[in-house]
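Computation of the quantities below employed the complete heavy-atom set of this structure, encompassing side-chain atoms and omitting hydrogens, waters and symmetry-equivalent molecules.
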Amino acid sequence: MAASRRHSKLETAIMSDTKVLRLVKKSEAGLPESVFTAKAVTKAEPKPAPAIKPVPREKTRPLEKPRLSREEMLKLFRTMYASRRLDDKEIQMKRQNRIFFQISGAGHEAILVAAGMCLKPGHDWFYPYYRDRALCLQLGMTPLEMLLESVGAEADPNSHGRQMPSHWGHKKLNIVSQSSPTGTQLLQAVGCAEAGYRIKLVKELKRRVKRFRNDEVVYVSFGDGTTSEGEFWEALNTACNLKLPVVFLCEDNGYAISVPVEVQTAGGDISRLVKGFPNLYRQQCDGTDLIESVAVMRRAVDNCRKNRGPSFVHAKVIRPYSHSLSDDERLYRPDEERTSDAEHDPIKRFGALLVKEGVANQDELQQLKDEVDREISEAADLALASPQPAPETATDFVYSPTVDPTSKEFDTEEGVELSGNPGTMVDLINRCLHTEMRRDSRMVVFGEDIADCSREKFLDKVKGKGGVFKVTARLQREFGSVRVFNSPLAEANIVGRAIGMATRGLKPVVEIQFFDYIWPAYHQIHNELALMRWRSGNEFSAPVVMRVPVGGYLKGGAIYHSQSGVTVFTQIPGLRVVYPSNALDANGLLRTSIRCEDPVLFLEHKHLYRQAYNKSPYPPDEFMIPFGKARTAREGTDLSIITYGALVQRSVVAAREAEKQGISVEIIDLRTLNPYDWNAIAESVTKTSRVIVAHEDSLSWGYGAEIAARISSELFEYLDAPVRRVGALDTFVGYAPQLEDAILPQSADVLKAIWELHAY
């Protein structure tokens with residue numbers, strides 16, 4: 001009853017809507033030039049003029065003043081204040097050792113509530129960063145939901161106790177799970193928007209992909225420091241090239257932890273550096289001024305909503321608190337700079353504006369603050385009482401809980417009927433891609449050089465590229481350039497965009513042209529792709545297939561076309577790693593990879609692409625091989641070889657030679673490296689009592705070390721000799737053929753190991 005009277009008193013005391021609508025964009029003097037050097041608002045640059053025919057510049061469009069009702073004004077202030085008080089509550093709880101980390105969004109509140117007001121939760125898509133607390137509150141996340149993450153509660157909708165505070169994610173609101181690495185969200189946001197772009201162009205996709213809206217916008221935010229990351233520029237490049245509806249919000253508080261913006265950015269102003277991007281609607285604003293921020297964000301969102309291309313908002317904000325509680329800004333920021341920030345606190349500024357314009361008096365604002373404080377205090381108590389995840393749930397959602405690619409459902413290998421003339425590994429992979437694209441309209445294929453011809457007008461005049469190894473030949477001709485297309489020469493761009501597409505419901509099957517060049521994408525693979533499902537507690541997933549030519553035994557391949565460091569990927573939880581040794585297995589395993597719901601690294605050995613010995617007639621369109629099911633490439637009784645990839649055939653050759661001397665060798669082709677078939681290994685080793693693990697990787701710290709260690713640990717009583725390993729030298733692959741032969745394991749090396757182990 002008392003609360004009702006307070007609300008009534010507040011309503012009657014507040015000025016009328018008519019007076020609120022007369023609010024000008026600012027009620028205070030602008031921030032000093034030393035703090036905010038950019039103009040408050042600028043018009044986007046026109047498209048670059050042709051070199052021959054100059055085009056006159058457009059006149060700058062004046063900033064439209066936002067029309068906000070008193071209810072909207074008070075709600076925005078309430079959200080801003082709640083955001084700050086949540087920061088303060090977390091700081092208090094951290095000092096009490098009741099939570100374990102804190103990073104604040106203080107000083108960013110005005111631009112963020114403005115963004116949240118202009119966008120649609122559950123309709124648009126959001127890729128925030130850790131300062132975006134006020135945005136998430138404005139979209140509908142509650143203080144309790146935020147504090148549940150702070151204490152690591154299982155009920156936390158952001159990550160279910162798996163991520164630090166301020167790592168936002170909310171499935172109902174379309175806030176996609178955020179991680180700690182700086183800038184990785186940018187390419188994913190572009191991929192998310194690109195999914196919408198391609199859905200619009202394929203009629204069947206509109207029916208198959210859930211939660212698609214014709215006018216949806218993708219929001220992505222980042223700090224000024226993030227603009228130093230290469231993925232920032234890769235994201236802008238693709239967004240502008242495809243005219244995607246992405247709102248890029250740079251929240252520039254002048255510091256990347258302790259590094260000031262003039263050290264991070266050439267010229268100290270990112271807006272100057274991005275002005276050359278075509279189709280990019282650029283604006284700058286004082287992000288501590290709510291009214292100005294609303295006006296700028298409305299224009300930015302409207303530009304994207306009308307499919308005019310991406311928008312770039314450069315908002316100057318402040319950071320009144322240290323970067324996080326692990327940082328002390330007093331070590332590198334002088335008192336006068338910090339005092340200047342405090343004078344331009346967005347909450348103080350907006351509160352003063354409300355009082356000045358008669359929206360509310362000081363007592364009424366204090367009453368509102370008191371209500372927020374009580375709500376946050378109560379939420380903190382509830383959060384602290386909420387249980388943390390049970391220890392036994394630690395491995396939940398590393399992989400899909402509903403689709404198991406190791407199950408019988410994916411095993412159609414037995415009794416398969418083959419037909420047609422034998423095809424190479426390239427032929428059968430290509431056939432699988434064709435049949436799967438016909439089956440599933442959600443599947444898109446892209447990468448470097450994988451299209452037949454990007455300039456479609458020439459398709460009838462050229463044979464077509466179809467990939468460096470012709471694996472994707474004719475896909476573009478059959479399925480069109482919307483579903484099969486070339487990417488920029490940027491591996492992180494390929495994988496990051498694929499993650500965004502997969503999160504939206506598409507099925508990206510991408511190609512990294514050579515394993516040797518996958519490393520720029522490793523950040524996206526390790527910290528984003530493999531982790532998406534686990535870190536969000538199964539709220540989001542990214543079932544991407546990455547096809548990657550790998551390995552040596554190529555005359556002239558040299559250092560940068562012969563690498564095969566699979567161990568770096570097999571140790572990543574959440575990532576399936578597949579490595580077929582023949583054409584038939586490649587077809588069945590690729591189909592399983594595409595149909596499963598986990599991210600897959602599908603390795604295709606270049607030397608095996610067109611070998612006659614591994615050819616096969618064509619299997620039916622439903623042919624699949626489950627993960628974790630090895631193949632016995634050769635039966636034997638005296639000794640086992642556990643291997644994969646190009647070493648399978650080299651081991652077969654060595655085994656034939658050993659047989660001439662009465663040694664019977666069994667060969668187990670693992671086919672998938674994560675998971676691997678331990679039962680097949682154990683069965684073979686217990687039968688032969690001697691085992692060699694052979695692989696193309698360097699001997700030291702290679703994949704075979706894991707297999708050898710486990711055999712020694714779990715099958716020791718069955719062994720009649722030590723576990724032997726065969727691998728490459730601990731060096732790089734040379735260009736000269738004689739040098740390459742000496743570095744990579746050959747059949748002779750395997751045969752030597754067979755003799756020595758048999759004689760032990």
Lys/Arg N to Asp/Glu carboxylate O, Asp440 vs Arg483, below 4.0 Å: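 No, Asp440 and Arg483 are not salt-bridged.
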Electrostatic pair Lys75:Glu72 at N-O distance under 4.0 angstrom: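 Here Lys75 does not pair with Glu72 in a salt bridge, since their nearest N and O are not under 4.0 Å apart.
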List the steps, then state whether side-chain contact (heavy atoms from CB on, under 4.5 Å) holds for Leu186 with Thr226. CA-CA 10 Å; Leu186 284 151; Thr226 297; 3.8 Å; yes
Full working for side-chain contact (heavy atoms from CB on, under 4.5 Å) between Phe397 and His160: CA-CA 11 Å; Phe397 312 127; His160 300 279; over 6 Å; no
Looking only at side-chain N and O atoms, does Arg533 offer a donor or acceptor that is under 3.5 Å from a partner on Asn538?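 Yes, side-chain donor-acceptor contact under 3.5 Å.
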Quick one: pull up OG in Ser487 and CD1 in Ile494 and give me the separation to the nearest 0.5 Å.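 Going from the OG atom of Ser487 to the CD1 atom of Ile494 covers 3.5 Å.
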For Arg213, what residues pass the side-chain hydrogen bond (donor to acceptor under 3.5 Å, both in side chains) criterion, not counting sequence neighbours?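 Counting only residues at least two positions away or on another chain, Arg213 forms no side-chain hydrogen bond (donor to acceptor under 3.5 Å, both in side chains).
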For residues Phe602 and Arg576, determine if any side-chain heavy atom of one lies less than 4.5 Å from a side-chain heavy atom of the other.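 Not in contact.
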Are the side chains of Val220 and Val246 in touch, meaning some heavy atoms are under 4.5 Å apart?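 Val220 vs Val246: side chains touch.
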4.5 Å side-chain heavy-atom contact, Tyr127 and Gln188: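 The answer is yes, as the side chains (C-beta and beyond) meet within the 4.5 Å cut-off.
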Go through the side-chain N and O atoms of Thr227 and Asp224 and say whether any donor and acceptor fall under 3.5 Å apart.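 No, no side-chain donor-acceptor contact under 3.5 Å.
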Would you say Arg591's side chain and Asp621's backbone share a donor-acceptor pair under 3.5 angstrom?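 At least one qualifying donor-acceptor pair exists.
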Can you find a pair of side-chain heavy atoms, one from Arg133 and one from Glu109, that are under 4.5 Å apart?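 In short, these two side chains do not touch, never coming nearer than 4.5 Å.
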Determine the interplanar angle of the Trp519 and Tyr522 rings, folded into 0 to 90°, and report it as parallel if under 30°, tilted if 30 to 60°, perpendicular if over 60°.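 Geometry flag for Tyr522 against Trp519: tilted rings.
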Answer yes when Asp215 and Lys120 have at least one side-chain N-carboxylate O distance shorter than 4.0 Å, and no when they do not.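 Looking at Lys120 together with Asp215, the answer is yes, because their closest N to O distance falls below 4.0 Å.
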N/O donor-acceptor pair under 3.5 Å between Lys465 side chain and Asp449 backbone: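 Not a single qualifying donor-acceptor pair exists.
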Straight-line distance of Ile594 CD1 to Lys507 NZ, nearest 0.5 Å: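 Rounded to the nearest 0.5 Å, the CD1-NZ separation comes out at 8.0 Å.
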Give a yes/no verdict on a cation-pi contact between Arg497 and Phe446, requiring under 6.0 Å between NZ or CZ and the six-membered ring centre and an angle within 45° of the axis.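 Yes, Arg497 sits over the ring of Phe446.
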Gln264 versus Ala256, closest heavy-atom pair with distance: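 It is NE2-CB, 3.3 Å.
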For Phe126 and Tyr219, take the angle between the two ring planes, folded into 0 to 90°, and tell me which bin it lands in: parallel under 30, tilted 30 to 60, perpendicular over 60.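 Aromatic pair Phe126/Tyr219 classed tilted.
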Rounded to the nearest 0.5 Å, what separation is found between the CD atom of Glu251 and the CG atom of Leu135?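 Nearest 0.5 Å value for the CD-CG distance: 8.5 Å.
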Are the charged groups of Glu216 and Arg211 less than 4.0 angstrom apart, N to O?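 Judged by the 4.0 Å cut-off on N to carboxylate O distance, Glu216 and Arg211 do not form a salt bridge.
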Any chance you could lay out the side chain to side chain donor-acceptor pair (under 3.5 Å) test for Arg474 and Asn430, step after step, and finish with the verdict? CA-CA 9 Å; Arg474 302 178 303 282; Asn430 182 268; 3.1 Å; yes
How about Phe277 and Phe248: are their ring centres within less than 6.0 Å of each other?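 Judged by ring-centre distance (under 6.0 Å), Phe277 and Phe248 do not meet the cut-off.
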Evaluation steps, side-chain contact (heavy atoms from CB on, under 4.5 Å), between Glu511 and Thr472: CA-CA 9 Å; Glu511 178 180 307; Thr472 55; 4.0 Å; yes
Please report the shortest heavy-atom distance between Ser593 and Phe627, naming the atom on each side.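 Scanning both residues completely, I find the closest heavy atoms to be OG-CZ, 3.5 Å.
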Please name all residues satisfying side-chain contact (heavy atoms from CB on, under 4.5 Å) with Ala502, sequence neighbours left out, ordered by chain then number.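 Listed in chain order: Pro508, Ala542, Pro543, Val544.
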Should we count NZ of Lys470 as having more than 12 external heavy atoms under 6.0 Å?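 Enclosed: over 12 neighbouring heavy atoms sit under 6.0 Å from NZ of Lys470.
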Identify the two heavy atoms, one from Met546 and one from Leu529, that lie closest to each other, and give their separation to 0.1 Å.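 Heavy atoms only, the tightest pair is CE-CD2, 3.4 Å.
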For Phe623 and Phe410, run ring pair (Phe, Tyr, Trp, His ring centres under 6.0 Å): C-alpha distance rounded to whole Å, both residues' side-chain angles, the deciding distance at 0.1 Å, then the answer. CA-CA 8 Å; Phe623 176 64; Phe410 287 88; over 10 Å; no
Taking C-beta and beyond as the side chain, do Asp289 and Ile111 meet within less than 4.5 Å on heavy atoms?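 Not in contact.
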Do Pro488 and Glu448 touch side chain to side chain, with heavy atoms closer than 4.5 Å?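 Not touching, per the 4.5 Å side-chain cut-off.
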Could you report the tightest heavy-atom contact between Val247 and Ala300, atom names first, then the distance?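 Closest heavy-atom pair between Val247 and Ala300: CG2-O, 4.0 Å.
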Can you name the nearest heavy-atom pair linking Arg272 to Lys275, along with the distance?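 Taking Arg272 first and Lys275 second, the nearest heavy atoms are O-CG, 3.1 Å.
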Are Met141 and Trp168 packed together at the side-chain level, in the sense that at least one heavy-atom pair is separated by less than 4.5 angstrom?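 Yes - at least one pair of side-chain heavy atoms lies under 4.5 Å apart.
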Please determine if Lys171 and Glu539 form a salt bridge, counting it only when a charged side-chain N lies under 4.0 Å from a carboxylate O.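 Judged by the 4.0 Å cut-off on N to carboxylate O distance, Lys171 and Glu539 do not form a salt bridge.
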side-chain contact (heavy atoms from CB on, under 4.5 Å) assessment of Asn253 paired with His108: CA-CA 8 Å; Asn253 60 32; His108 295 229; 3.1 Å; yes
Ala521 to Val495 - nearest heavy-atom pair and separation: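 Heavy atoms of Ala521 and Val495 come nearest at CB-CG2, 3.7 Å.
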With a 4.0 Å cut-off, would you call Arg595 and Glu622 a salt bridge?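 The answer is yes: the pair qualifies as a salt bridge.
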When the ring planes of Phe469 and Tyr609 are compared, do they come out parallel, tilted or perpendicular, using 30° and 60° as the limits?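 Phe469 and Tyr609: tilted rings.
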Within the side chain of Gln163, is there an N or O that forms a donor-acceptor pair under 3.5 Å with the backbone of Gln178?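 Side chain of Gln163 to backbone of Gln178: a pair is present.
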When you look at NZ of Lys200, are more than 12 heavy atoms from neighbouring residues, nucleotides or ligands closer to it than 6.0 Å?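 Enclosed.
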Are Lys306 and Asp302 close enough for a salt bridge, meaning some N to O gap below 4.0 Å?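 Looking at Lys306 and Asp302, the cut-off is met.
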Less than 6.0 angstrom separating the ring centers of Phe232 and Phe222, yes or no?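 Close enough - the centres of the two rings lie under 6.0 Å apart.
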Taking atom types as modelled, is there a side-chain donor on Ser400 or Asp598 under 3.5 Å from an acceptor on the other?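 Judged by distance alone, the side chains do not pair up.
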Run the side-chain hydrogen bond (donor to acceptor under 3.5 Å, both in side chains) test against Asn527 and tell me which residues pass, sequence neighbours left out.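 Partners of Asn527 by the side-chain hydrogen bond (donor to acceptor under 3.5 Å, both in side chains) criterion, ordered by chain and then number, come out as His523.
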Salt bridge Arg477-Glu456, side-chain N to carboxylate O under 4.0 Å: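 Salt bridge: no.
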Is there a side-chain contact between Val509 and Val444, using heavy atoms and a 4.5 Å cut-off?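 When only atoms from C-beta onward are counted, Val444 and Val509 do not touch, as no gap falls below 4.5 Å.
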